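Have a look at the structure below before the remarks.
Since the structure is predicted, the reported quantities are computational estimates derived from the model, not experimental observations. Numbers restart at 1 for each chain; the letters A, B, ... are given by sequence-line order, proteins then strands.
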Amino acid sequence: MLDLNFIREHPDQVREALVKLNTEAPLDAILELDAQRRELLREVEALRAERNIVSKEIGRLKESAARQAKIAEMRQVGERIQALDDRLRSVEDALHQALLQMPNMPHPSVPVGPDESHNVVVRTEGEPRDFDFQPLPHWDLGEALGIIDFERGVKLSGTRFYVLKGLGARLQRALITWMLDLHVREHGYTEVYPPFVVRAECLVGTGNLPKFGDNLYHDVEDDLWLIPTAEVPVTNLYREEILPPGSLPIYHVAYTPCFRREKMSAGRDVRGIKRGHQFDKVEMVKFVEPETSMEELESLIDNAEDVCRRLEIPHRVVQMCTGDLAFQAAVKYDVEMWAPGVQEWLEVSSCSNFMDFQARRANIRYRPAPGERPRFVHTLNGSGLALPRTLIAVLENYQQADGRVVVPEVLRPYMGGVEVIG
RNA sequence: GGAGGGAUGGCCGAGUGGACGAUGGCGACGGUCUUGAAAACCGUUGUGGCGGCGACGUCACCGGGGGUUCGAAUCCCUCUCCCUCCGCCA
């Protein structure tokens, strides 16, 4: 959510940003509703002040004609307050709804462009391996090795579901545990195990609702939502809280499954395990002081890249241009691993600085020092990493001519010493 | 799932229609006293909206929302959460 004061004072900046984002939002409605709200507030508060004073007088007066007259007078005032309150409430509801539709403002450093074709490759690390044979895509490797079962996944749950089996399941579990250990031991994160279903408020807090409900699984009976990412429960850990002085920065890392209906991506990437309705992810979430958030973003990206480095898989960092920026993000970088089988760069991590956008929605504040006024924190998050795509990259980069897959060095202790799959 | 009891400030806890944004205690912070500390004593100690350059004024907030009333922490409705007992259960 944007600061209403900011919108009121800089409507032209906001309008300009919307053009850069190549999107639309109810800016004019917000300005209009805000003006109405303030006018109504002024009126209703003056009446309330009057009523407060006279009501106290009434309490002191003995029963008399004068007292009855004042009561009658205040009854009228009460009716006017009631009427104004009703209008005020509907204006505030409409204003709030409109504000929830407003995307974050892009950070000044974000390159301007209409769509993903204008994203910028910031750096590339590692050399793609030289193959003396034709590297296979993971779906062929996985099936041949008996570690991915697509058909039975579909039998159980429909399209975009699959089953990992044997050393395939083990490899994913090894990756998860190793990544968690890496972020906890080397990068200073505290591990969190959150609920996988949340209330709607949490999704509003992170920015998934109300705009992107189509992409979520919703249990109607209990009105709970399956999380699309650990970002949702972990960011909302401190919803409606004022963190005491000295709390920041907070670094959390969580492993969770993620559930996405993918209605918006129907038909894309249907082959393999790249895009499923359910996938695992290790997610890093940071709560920091506003002044530090851009540096914190750098180290967050580096933490994600470190996973790639240690797995010895080539990766690159891509900065999203304004037209490809997520609704909630002020800045966003993707980390992509090279996958030689499918011959593409796979997005294994998405690292964003939301500034105070989520903090406003979720009302997450901190107190800089004892006695000082609370301020909104800045929130950031980044995958560290998404499992299916990392699994793809491992399988495809470490495949041998005979179809077997070598286990990356760092994972062997987590694989019970297994060095080769197949 | 059934029955009952609760939710008040950082914490504990009083308050059942009018001087209550809220008694008191604890904690924290500042001060007096002291060589220093403790004790004692004094003081400070929530969040947000609106108006104002500002001192400040004003409105709202006693779990959330709605209602009754001239007036609500207090009465009514509703939702959420917590606790106790019973049932079921990995």
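Taking the P atoms as reference points, B/A72 lies 16 Å from B/G64, given to the whole Å. Comparing the C1' positions of B/G9 and B/U84 gives a spacing of 27 Å, expressed to the nearest Å. Comparing the same atom, P, in B/A7 and in B/A73 gives a spacing of 16 Å after rounding to whole Å. With both ends at atom C1', the span from B/G46 to B/A55 equals 22 Å, rounded to whole Å. Taking the C1' atoms as reference points, B/U44 lies 15 Å from B/G10, given to the whole Å. To the nearest whole angstrom, the two P atoms, one in B/U80 and one in B/C70, are 32 Å apart. B/C29 and B/C81: their C1' atoms are spaced 33 Å apart (whole Å). Separating the P atom of B/A60 from that of B/G71 is a span of 12 Å, rounded to the nearest Å.
In terms of modelled atom types and a separation under 3.5 Å, the side chain of A/Ser299 and the main chain of A/Glu296 share a donor-acceptor contact. Checked by atom type and distance alone, the side chain of A/His107 pairs as donor or acceptor with a backbone atom of A/Ser109 at under 3.5 Å. A/Asn236 places a side-chain N or O within 3.5 Å of a backbone atom of A/Val232 that can act as its donor or acceptor partner.
Here chain A contacts RNA chain B (any atom closer than 4.0 Å to a heavy atom, that is under 4.0 Å), and the contacts span B/G18 to B/C81 from 5' to 3'.
Contacts of A/Arg51 with the nucleic acid, taken as non-hydrogen atoms under 4.0 Å apart, involve only primed sugar atoms and P, OP1 or OP2. Residue A/Leu41 is in sugar-phosphate contact alone, with no base atom involved, counting any heavy-atom pair closer than 4.0 Å across all strands shown. When heavy atoms are screened at a 4.0 angstrom cut-off, A/Gln82 is found touching the sugar-phosphate backbone but no base atom.
Under 4.0 Å is where a charged nitrogen must lie from a carboxylate oxygen, and between A/Glu312 and A/Arg309 no such pair does. Checked for salt-bridge contact, A/Lys332 and A/Asp334 meet the test: a charged N lies under 4.0 Å from a carboxylate O. A salt bridge is defined here as a Lys NZ or Arg NE, NH1 or NH2 lying under 4.0 Å from an Asp or Glu carboxylate O, and A/Glu241 with A/Arg365 fails to meet this definition. A/Arg185 has no carboxylate O lying under 4.0 Å from a charged side-chain N of A/Glu191, or vice versa, which leaves the two without a salt bridge. One finds no salt bridge joining A/Asp280 and A/Arg173 here, because no Lys/Arg side-chain nitrogen approaches an Asp/Glu carboxylate oxygen to under 4.0 Å.
When each of A/Met74 and A/Arg367 is assigned the nucleotide of RNA chain B bearing its nearest heavy atom, the one mapping closer to the 5' terminus is A/Arg367. A residue-by-residue look at A/Leu4 and A/Pro374 shows that A/Pro374 has its nearest nucleotide of RNA chain B further toward the 5' end.
Within the structure, side-chain hydrogen bond (donor to acceptor under 3.5 Å, both in side chains) pairs that include any residue of residues 373-393 of chain A comprise A/Glu231-A/Asn381, A/Glu291-A/Arg375, A/Ser293-A/His378, A/Gln358-A/Thr379, A/Tyr366-A/Arg375 (at least two apart or interchain).
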* Paired and unpaired positions of RNA chain B as dot-bracket, Watson-Crick or G-U wobble under 3.5 Å, | denoting a partner strand -> ((((((((.[[[..)..(.....]]]((((((.......))))))((((((....)))))).[[[[[..)....]]]]])))))))....
